[in-house]
**Q** 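Please read through the structure below; I'll follow up with questions.
Letters go in sequence order (proteins before strands), and every chain restarts at 1. Note that the coordinates shown come from a computational prediction; the quantities given were computed from them, not determined experimentally.
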Amino acid sequence: MEVTNDWYLLLSAVMFVIGAVGLMLRRNPLVMFMCVELMLNAVNISFVALGTELNDVSGQIAVFFVLVVAAVEVVVGLALVVAINRRRAAATADDMSVLRG
Amino acid sequence: MTEVIVFVVGAIIVLSGAVGVVASPNPVHSALFLIQTLFGVAVLFVLQEAHFLAAVQIIVYAGAIVILFLFVIMLLGVDTADNWSVEPIGGQRPLAVLVGAALFGCGLALLIVMSDKLTGIVRDGGERALDNQFTDVERIGRVLFTDYALSFEITAALLTIAVIGAVVLTRKLRREEFLADLERVSMELPAAVPDEINEAH
């Protein structure tokens, strides 16, 4: 038995779906961000697997850029969460539904 | 055979961590499960000989991003458990699981249909080929600073914008600004809030 490309793609699909379902189920904004990270990592796995399969280093370059965008997304998202929490305690995403001021 | 064992162990680490992130009620536990998942992904990267990415994965993700999450959780003190008994939108949870299942079905179908098109292709990658002539670090370095040089520079701009944005968003308001803001909010809020939320407060 040998590990083929499909194994990685299947794992990536399962992980992506877990992240997506978590994003829809959870109400804590921080946990929702973590679920987005899960989805990004799932995509990273398939990028590397396909890059290896197609004998092209571009897949790994794409993962590099995804990493940067993920870091930026977390920084801005967490800054927003902190800014909102400073004005009023908001434990769930529904408490943030009124974003005027 | 060793490869299969490493893959299975890595996959178990990744998937159990992913389920833990979604299922654990406490955000701190979610963050720790996220670290577990990221280490599993790093193992899978090593298995595919993407050594550079495995190292970056640990250093940037587990070392910086998750720690940032933990900082914010501790700072805000929001480490209380989610209240699962409240369902904000009727039928949201079954619908979410249904959408997830549909998503997975689509992915699986694509994988089965496209499988023969994605495997067994051997291309002459030229400069970008992953052969044994150079290590993956050298390859990434070469390609990143030639073909993707512009994207790389834009990344720098993006990071700078993010840092400035974070500082602007979380800066402390001066006293008069804060008071003016408070007055404006208290004037506007009743009109902006739907009735049911008004009643709750």
**Q** Which residue out of B:Ile161, B:Val60, B:Leu15, B:Val21 racks up the most heavy-atom pairs below 4.5 Å with chain A?
**A**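 Of the candidates given, the most pairs with chain A belong to B:Leu15.
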
**Q** Which one of B:Ala31, B:Cys106, B:Gly165 has the most heavy-atom pairs closer than 4.5 Å to chain A?
**A** B:Ala31

**Q** Using a 4.5 angstrom heavy-atom cutoff, name the option from A:Val21, A:Leu23, A:Ile18 with the most pairs to chain B.
**A** A:Ile18

**Q** The test is side chain to side chain contact (heavy atoms under 4.5 Å, CB included); show your working for B:Val22 and A:Val31 and say whether it passes.
**A** CA-CA 8 Å; B:Val22 175; A:Val31 179; over 6 Å; no

**Q** Taking all non-hydrogen atoms of both residues into account, name the closest pair between B:Gln48 and A:Ala49 and its distance.
**A** OE1-CA, 2.9 Å

**Q** Side chain, backbone, both or neither: which part of B:Val4 has a heavy atom under 4.5 Å from chain A?
**A**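 Contact with chain A: backbone and side chain both.
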
**Q** Between A:Asn44 and B:Gln57, is there a side-chain donor-acceptor contact under 3.5 Å, judged purely by atom types and distance?
**A**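 No pair is found: no donor N or O on one side chain lies under 3.5 Å from an acceptor on the other.
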
**Q** Chain A heavy atoms under 4.5 Å from B:Thr37: which part of the residue, side chain, backbone, both or neither?
**A** side chain

**Q** Select one option (side chain, backbone, both, neither) describing which atoms of B:Phe152 are under 4.5 Å from chain A's heavy atoms.
**A**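 B:Phe152 touches chain A through backbone and side-chain heavy atoms alike.
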
**Q** On a heavy-atom basis, which atom in B:Leu169 and which in A:Val76 lie closest, and how many Å separate them?
**A** CD1-O, 4.1 Å

**Q** What part of B:Phe71 gets within 4.5 angstrom of chain A, counting heavy atoms only: side chain, backbone, both, or neither?
**A**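 Neither part.
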
**Q** Pick one of side chain, backbone, both or neither for B:Leu38, based on which atoms fall under 4.5 Å of a heavy atom in chain A.
**A** side chain

**Q** Please rank B:Ser30, B:Gly17, B:Gly107 by heavy-atom pairs under 4.5 Å with chain A and give me the top one.
**A**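 Option with the greatest count: B:Ser30.
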
**Q** Ring centres of B:Phe7 and A:Tyr8 under 6.0 Å apart?
**A** yes

**Q** Can you tell me which of B:Leu53, B:Leu68, B:Val163, B:Leu47 forms the most heavy-atom pairs within a distance under 4.5 Å of chain A?
**A** B:Leu53

**Q** Please flag which part of B:Leu95 lies under 4.5 Å from any non-hydrogen atom of chain A: side chain, backbone, both or neither.
**A** neither

**Q** Against chain A, label B:Leu144 side chain, backbone, both or neither, depending on which of its atoms sit under 4.5 Å from a heavy atom there.
**A**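 The answer is both parts of B:Leu144.
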
**Q** Under a 4.5 Å heavy-atom cut-off, does chain A meet the side chain of B:Ala64, its backbone, both or neither?
**A** neither

**Q** Testing B:Val28, B:Leu70, B:Ile73 one by one against A:Leu30 for a side chain to side chain contact (heavy atoms under 4.5 Å, CB included), which residue passes?
**A**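 For A:Leu30, the side chain to side chain contact (heavy atoms under 4.5 Å, CB included) test succeeds with only one of B:Val28, B:Leu70, B:Ile73, which is B:Ile73.
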
**Q** Return the minimal non-hydrogen interatomic distance between A:Met15 and B:Val14, and the atom names on each side.
**A** SD-CG1, 3.3 Å

**Q** Which atom names give the shortest non-hydrogen contact between B:Ala166 and A:Val75, and what distance separates them?
**A** CB-CG1, 3.6 Å

**Q** I'd like to know which of A:Ile45, A:Val48, A:Val63 tops the heavy-atom pair count under 4.5 Å against chain B.
**A** A:Val48

**Q** Taking all non-hydrogen atoms of both residues, which atom of A:Arg26 and which atom of B:Ser24 are closest, and how far apart?
**A** NH1-O, 2.9 Å

